[in-house]
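These notes are about the structure you will find just below.
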Amino acid sequence: MVPGDDAILTHLRRGALEYCVLAMLRDDELYGLDIARRLSTDGILLSGEGTLYPLLARLRKAGLVHTTWRESAEGPPRRYYALTRDGLTALDTFTRTWKPFRDAVDSAIQGGPA
């Protein structure tokens, strides 16, 4: 059986989504719904909010993000997420690793040397 687009995207998201979230938090604190909206604009990185909140909880438990609660004029208080020093280190490591990995995948797909 050949995997479809959705199955392939699920596998690709699994490895990269947490680093996309960390990158979004590099310069600004964001609340969950704002992160979800930014990640789902094209439907590629995030297809629904159901996977985001467990991922945010894992990032928090791993010490890569910290949270604060803030009052909102539009409803209940919101939990804001910010990058920690360990989160920045993880993001820097991923960033250094990503380009050579991406280049190797592109080369393999295009039929060049691996």
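Each residue takes its place number in the sequence, starting with 1. Treat the numbers as computed from the prediction; the structure is a model and nothing was measured.
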For this session: Look at the side chain of Ser72 and the backbone N and O of Pro77, then say whether any donor-acceptor pair between them is shorter than 3.5 Å.
Result: no

For this session: To the nearest 0.5 angstrom, please state how far the CG atom of Leu88 sits from the OG1 atom of Thr95.
Result: 9.0 Å

Seminar exercise, completed: The side chain to side chain contact (heavy atoms under 4.5 Å, CB included) partner of Val21 among Val65, Leu59, Leu91 is Leu59

Exercise. What pair of heavy atoms forms the shortest contact from Leu22 to Ala90, and how long is it?
Worked result: CD1-CB, 4.3 Å

Problem set entry | CG-CG distance between Leu46 and Leu52, expressed to the nearest 0.5 angstrom | 6.0 Å

Exercise. Does Leu17 reach the side chain of Leu39, with side-chain heavy atoms less than 4.5 Å apart?
Worked result: yes

Exercise. What residues, two or more places apart in sequence or in another chain, satisfy side chain to side chain contact (heavy atoms under 4.5 Å, CB included) together with Arg85?
Worked result: none

Exercise. Above 12 or not: heavy atoms from other molecules or residues under 6.0 Å from CZ of Phe101?
Worked result: no

For this session: Report yes or no: do Trp98 and Leu83 belong to one cluster of Ile/Leu/Val/Met/Phe/Trp/Tyr joined by side chain heavy-atom distances under 4.5 Å?
Result: yes

Seminar exercise, completed: Interatomic distance, CD@Glu18 vs CG@Leu56, rounded to 0.5 Å, equals 10.5 Å

For this session: Name all residues meeting the side chain to side chain contact (heavy atoms under 4.5 Å, CB included) criterion together with Thr67; count only those two or more places apart in sequence or in a different chain, and write none if there are none.
Result: Arg60, Arg79, Tyr81

Review item, side-chain donor-acceptor pairs of residues 26-38, under 3.5 Å, at least two apart:
| residue | atom | partner | partner atom | Å |
| --- | --- | --- | --- | --- |
| Glu29 | OE1 | Arg70 | NH2 | 2.2 |
| Tyr31 | OH | Arg78 | NH1 | 3.3 |
| Asp34 | OD2 | Arg38 | NH2 | 3.4 |

Exercise. Taking only residues two or more places apart in sequence or in another chain, which ones pass side chain to side chain contact (heavy atoms under 4.5 Å, CB included) with Asp103?
Worked result: Lys99

